[in-house]
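Single-structure report; data block below.
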Amino acid sequence: MTIQHPVDSVVAFPEIRVGNLGVRLAATADELDAALALRFRIFYEELGAHPDEATLASGRDRDAFDAIADHLLVIDHDIGDDARGVVGTYRLIRQEALAPGQQFYSADEYDIAPLQRFSGRLLELGRSCVDQAHRSRAVMQLLWRGIAAYVFQHGIELMFGCASLHGTDLDELAPCLSYLHAQHLAPPHIRPRALDERYVEMRRLGDGEYDARQALAELPPLIKGYLRLGGFVGDGAVIDWQFNTTDIAVVVQTDLVTEKYYRHYERQSR
């Protein structure tokens, strides 16, 4: 069964191939199911998220946003050319996909009003994960190339989402949170703020109380990827007890993206 996009009938960008790996959008129900199963294996079985009964019974990580999202997939063609080969995924939600009155997923943790006042087109990124045996620089670069292709195709001007630090021990995460707040805080006009009832102070250590270079090195690859693209973070972290993570808001203006992914795809398309 082919996935029918709820917003329009946009033709997906052509698959981008690098050797045995490819990146494209999910096109069938089986491929979407493979992405949800991969998310379950990574978030719940590997990283210690706490499933409810329905999630545990299904072996799938899903919520209401999956039905309106596009799902970026990395396919290992040595395993299979279809759902069998899904080894990485990223959930993409365009503003146009939201129902009237519906909020983005991030609004459960952050006040994103500054982003919604932004004049350009918005894209929320989330639920990113890669199979343990495929975690490499090549796979991450391929995911970013897929996002760049999607951004170019849809004229996206601002990307945002919640990114996670593993664990909920704020003392252990203090150097990373403090570094992000000190070095990468978003400008006020595009700065999300954690909701008051969930707000966790990120500035936990003074400038001389942690090693900034070490803190940067310890950040998850996904967050480092956002920063390489000129990304910013919002004000305040949020503890997600269900997923055993400490979340931050990340914002990337695509006109600040000078890294090769977006420009390379733009040149190819022309």
Side-chain angles (χ1 to χ4, degrees), residues 23 26 31-66 69 71-74 76 79 83 85-93 105-106 108-110 124-144 146-147 160-177 179-180 194 198 200 202 204 214-227 231 233-234 236-250:
V23 64
E31 290 174 354
L32 173 56
D33 186 66
L36 303 183
L38 175 64
R39 282 166 28 182
F40 180 87
R41 291 199 304 273
I42 304 305
F43 299 147
Y44 290 90
E45 294 182 347
E46 180 183 339
L47 298 178
H50 307 291
D52 58 25
E53 288 186 10
T55 300
L56 186 61
S58 68
R60 304 292 186 271
D61 169 58
R62 60 161 56 93
D63 64 24
F65 291 93
D66 290 315
H71 299 266
L72 194 66
L73 305 178
V74 174
D76 184 341
I79 299 174
V86 173
V87 297
T89 186
Y90 222 130
R91 186 169 75 181
L92 313 176
I93 303 176
Y105 174 85
S106 302
D108 187 53
E109 297 187 357
Y110 284 86
E124 183 181 56
L125 307 174
R127 286 299 206 274
S128 172
C129 65
V130 175
D131 176 70
Q132 191 171 29
H134 288 78
R135 286 176 200 158
S136 66
R137 184 176 180 84
V139 171
M140 287 305 302
Q141 287 183 331
L142 202 54
L143 277 171
W144 283 115
I147 290 171
F160 71 98
C162 292
S164 300
L165 299 165
H166 183 57
T168 58
D169 185 333
L170 294 175
D171 290 335
E172 184 176 319
L173 298 174
C176 290
L177 293 172
Y179 166 79
L180 289 168
R198 306 192 69 175
V200 171
M202 295 176 68
R204 312 192 73 79
Q214 181 66 25
L216 173 60
E218 290 178 359
L219 289 173
L222 183 64
I223 294 177
K224 284 190 279 194
Y226 284 123
L227 300 182
V233 301
V238 173
I239 294 180
D240 187 332
W241 296 107
Q242 179 188 357
F243 279 89
N244 190 32
T245 60
T246 300
D247 295 347
I248 59 169
V250 180

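With hydrogens and angles ignored, the 3.5 Å screen pairs a side-chain donor or acceptor of T246 with a backbone N or O of G167. Judged by distance alone, with hydrogens and angles left aside, the side-chain atoms of R39 form no donor-acceptor pair with the main-chain N or O of C129 at under 3.5 Å. Using a distance-only test at 3.5 Å, with no hydrogens or angles considered, a donor-acceptor pair links the side chain of R60 to the main chain of S58. Without hydrogens or angle criteria, E109 side chain to D247 main chain gives no donor-acceptor distance under 3.5 Å. Of the possible polar contacts, none joining the D108 side chain to the Y105 backbone as a donor-acceptor pair under 3.5 Å is found. Panel note: side chain T89, backbone L72; a donor-acceptor pair is recorded below 3.5 Å.
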| side-chain contact (heavy atoms from CB on, under 4.5 Å) between V250 and L222: does it pass, once the steps are laid out? | CA-CA 11 Å; V250 180; L222 183 64; over 6 Å; no
| request: Test side-chain contact (heavy atoms from CB on, under 4.5 Å) on D33 and R62 and set out the steps. | output: CA-CA 9 Å; D33 186 66; R62 60 161 56 93; 4.2 Å; yes
| said: Using salt bridge (Lys or Arg N to Asp or Glu O under 4.0 Å), reason through R91 and D61 one step at a time and then give a plain yes or no. | reply: CA-CA 12 Å; R91 186 169 75 181; D61 169 58; over 6 Å; no
| message | Could you go through W144 and Y226, starting from their C-alpha distance and side-chain angles, then the distance that decides it, and tell me whether this counts as side-chain contact (heavy atoms from CB on, under 4.5 Å)? | response | CA-CA 10 Å; W144 283 115; Y226 284 123; 3.4 Å; yes
| message | For L165 and L219: C-alpha separation, side-chain torsions, deciding distance, then whether side-chain contact (heavy atoms from CB on, under 4.5 Å) applies. | response | CA-CA 7 Å; L165 299 165; L219 289 173; 4.1 Å; yes
| message | Using the rule given for salt bridge (Lys or Arg N to Asp or Glu O under 4.0 Å), can you reason through R127 versus D66, listing the C-alpha separation, both sets of side-chain angles and the distance that settles it, and then say yes or no? | response | CA-CA 10 Å; R127 286 299 206 274; D66 290 315; 6.0 Å; no
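The nearest pair of heavy atoms linking I42 to V130 is CD1-O, 3.7 Å. Annotation for I239 and R198: closest pair O-NH2, 3.4 Å, computed over non-hydrogen atoms. Residues E172 and P175 approach most closely at O-CD, 3.6 Å, considering heavy atoms. Of all heavy-atom pairs between H134 and V87, the closest is CE1-CG1, 3.5 Å. Here the shortest heavy-atom pairing between K224 and L216 reads CD-O, 3.3 Å. In plain terms, the two heavy atoms of A194 and A237 that are nearest each other are CB-O, 3.9 Å.
Here the CG-CG distance, from L92 to L125, works out to 6.0 Å after rounding to the nearest 0.5 Å. Taken to the nearest 0.5 Å, the SG atom of C162 stands 8.5 Å off from the CG atom of D240. Considering NE2 of H50 and CG of L56, their distance stands at 13.0 Å, rounded to 0.5 Å. Here the OH-CG distance, from Y179 to L173, works out to 15.5 Å after rounding to the nearest 0.5 Å. Between the CG atom in D131 and the CG atom in D76 there is a gap of 9.0 Å [rounded to 0.5 Å]. Rounding to the nearest 0.5 Å gives a distance of 9.5 Å between CG of L73 and CG of L143.
The closest side-chain heavy-atom distance from Y90 to H71 is not below 4.5 Å.
Of the listed residues (L170, I248, V238), just one forms a side chain to side chain contact (heavy atoms under 4.5 Å, CB included) with V200, and that residue is L170.
Ring orientation note: the planes of Y44 and F243 are tilted relative to one another, at an angle of 30° to 60°.
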